[in-house]
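For reference, positions follow the sequence shown, starting with 1. We use all heavy atoms of the structure for the numbers below, so side chains are in, but hydrogens, waters and symmetry mates are not.
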Amino acid sequence: MPHKKTLFATVALGMTLTLTGCNDDGSSADDAAESKAPSAASSAPSQDATKPSAPASSSAPSGATGDQPMVAGWQTQTRGEHHFRYDVPAESKKWKVLDQDLAVSYTGKDGKPIVVMTGVSHYREGGCASTPNPKAFGQAGKGQLGTVGTTGGGKDGTLQENARNWAGNWGFTAYGGEDNKPKMEVGQARPWKRNGIDGYTATAKVTVTNRPSPCVPPTAIVHSIAQKLPDGTMHGWVIYADQGVPNALTSAEIEKIMNTVRPTEG
């Protein structure tokens, strides 16, 4: 699928980072914020503050594979188009698995999607509906405290770049977008080798600058996992979650979910 054009996000310490990525809608982001920033392919910030907080342990939950959950009592979501399968906690824990074809996206000034994900699951859907980015489309920005999904399909850039770009772009759009740019810290991509995936993971830390109501979180965290298929296309798994609010996902809960991410068969 077409390569995604550039988004620009302001990074902490006054630095600027150009974020690009392969998304699955093929639309343009020509109206993104105008900024002459270095490409994400260039050297990433080296400050300790940008070090990814994604889990470094190699342990994964034991349990069934395939379309069965790896954690007993959890729900499995599959998106064959992007060759990802993962698990989330049970409905009783406020998790909802959406139809795998349902798209979640944020639009640009031209009304076209900037980022899109499918194979989505939501945590605590239907809470306070305020969002720092009013250009949410479909089920995006409906009050959930956490969102998980898959994206990708392009061949441009390296796998490491795309891992960083997916984390950065989703943090940028979900927590402010072009009109209310959040402050971003995007860490270096690191190898991710678990459950049959040989890819990379990256973390974006977000400070929200537009808080029209207390429902909008002060901060957020985004983790990505990127894998490349034999045909050369790159696909991403992303979780973004509100932080600093009641019932926010903890690092341990996010880690447990990430450790269930696995490729689909074939």
Side-chain angles (χ1 to χ4, degrees), residues 1-7 19-29 39-41 44 52 54-70 76-88 97-105 113 115-121 148-170 186-204 222-239 257-266:
M1 294 188 181
H3 177 61
K4 196 65 177 163
K5 291 192 178 180
T6 301
L7 288 177
L19 299 173
T20 62
C22 303
N23 293 310
D24 59 0
D25 65 300
S27 61
S28 172
S39 169
S57 63
S58 60
S59 61
S62 60
T65 57
D67 60 357
Q68 298 299 311
M70 297 179 69
T76 298
Q77 174 66 292
T78 300
R79 184 57 175 165
E81 177 185 357
H82 296 305
H83 294 263
F84 277 110
R85 179 174 283 130
Y86 66 93
D87 304 328
V88 294
V97 173
L98 307 182
D99 185 288
Q100 66 171 306
D101 294 323
L102 183 65
V104 168
S105 68
V115 290
V116 181
M117 64 166 55
T118 51
V120 176
S121 298
V148 189
T150 65
T151 189
K155 295 183 178 181
D156 292 343
T158 67
L159 199 56
Q160 296 96 316
E161 289 165 2
N162 278 282
R164 296 187 71 228
N165 297 335
W166 283 317
N169 284 350
W170 276 98
V186 184
Q188 292 276 21
R190 297 186 295 130
W192 181 272
K193 298 182 180 181
R194 307 184 195 179
N195 305 328
I197 291 178
D198 186 358
Y200 283 85
T201 184
T203 298
V222 190
H223 296 295
S224 68
I225 298 173
Q227 66 173 337
K228 180 182 286 188
L229 301 185
D231 65 1
T233 59
M234 287 169 277
H235 300 261
W237 178 96
V238 177
I239 181 170
I257 293 169
M258 291 182 73
N259 278 336
T260 70
V261 178
R262 54 203 185 272
T264 57
E265 295 82 2

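Between atom CZ of residue F84 and atom OG1 of residue T150 there is a gap of 7.5 Å, rounded to the nearest 0.5 Å. Annotation: the span from K228 atom NZ to H235 atom NE2 amounts to 11.0 Å, rounded to 0.5 Å. In this structure, CG on D198 lies 4.5 Å from NZ on K193, to the nearest 0.5 angstrom. One finds the OG1 atom of T233 at 9.0 Å from the CD atom of Q227 (value rounded to the nearest 0.5 Å). For the atom pair CE (M70) and CG (N195), the distance works out to 4.0 Å, reported to the nearest 0.5 Å.
Residues passing the side chain to side chain contact (heavy atoms under 4.5 Å, CB included) test with A226, sequence neighbours excluded: L159, A163, W166. Residues that satisfy the ring-ring contact (aromatic ring centres under 6.0 Å, His included) test with Y86, not counting sequence neighbours, are W237.
Checking side-chain atoms of E81 against main-chain N and O of T118 turns up no donor-acceptor pair under 3.5 Å. Checking side-chain atoms of K155 against main-chain N and O of D231 turns up a donor-acceptor pair under 3.5 Å. No donor-acceptor pair closer than 3.5 Å links the side chain of R262 to the backbone N or O of I197. Looking at R164, its side chain does come within 3.5 Å of a backbone N or O of V186 through a donor-acceptor pair. A donor-acceptor contact shorter than 3.5 Å is absent between the side chain of N162 and the backbone of Y200. Checked by atom type and distance alone, the side chain of Q77 pairs as donor or acceptor with a backbone atom of V120 at under 3.5 Å. Counting only distance, with no hydrogens or angles, the side chain of T151 and the backbone of V116 share a donor-acceptor pair below 3.5 Å.
Side-chain contact between E265 and R85 is present, with heavy atoms from C-beta onward closer than 4.5 Å. The shortest side-chain heavy-atom distance between L229 and M234 does not fall under the 4.5 Å cut-off.
Taking both residues in full, the closest heavy atoms of Q100 and T78 are given as OE1-O, 2.9 Å, listed atom of the first, atom of the second, then distance. Between V222 and A167, the closest heavy-atom pair is CG1-O, 3.5 Å.
T201 and R190 form no side-chain donor-acceptor contact under 3.5 Å, judged by distance and modelled atom types alone.
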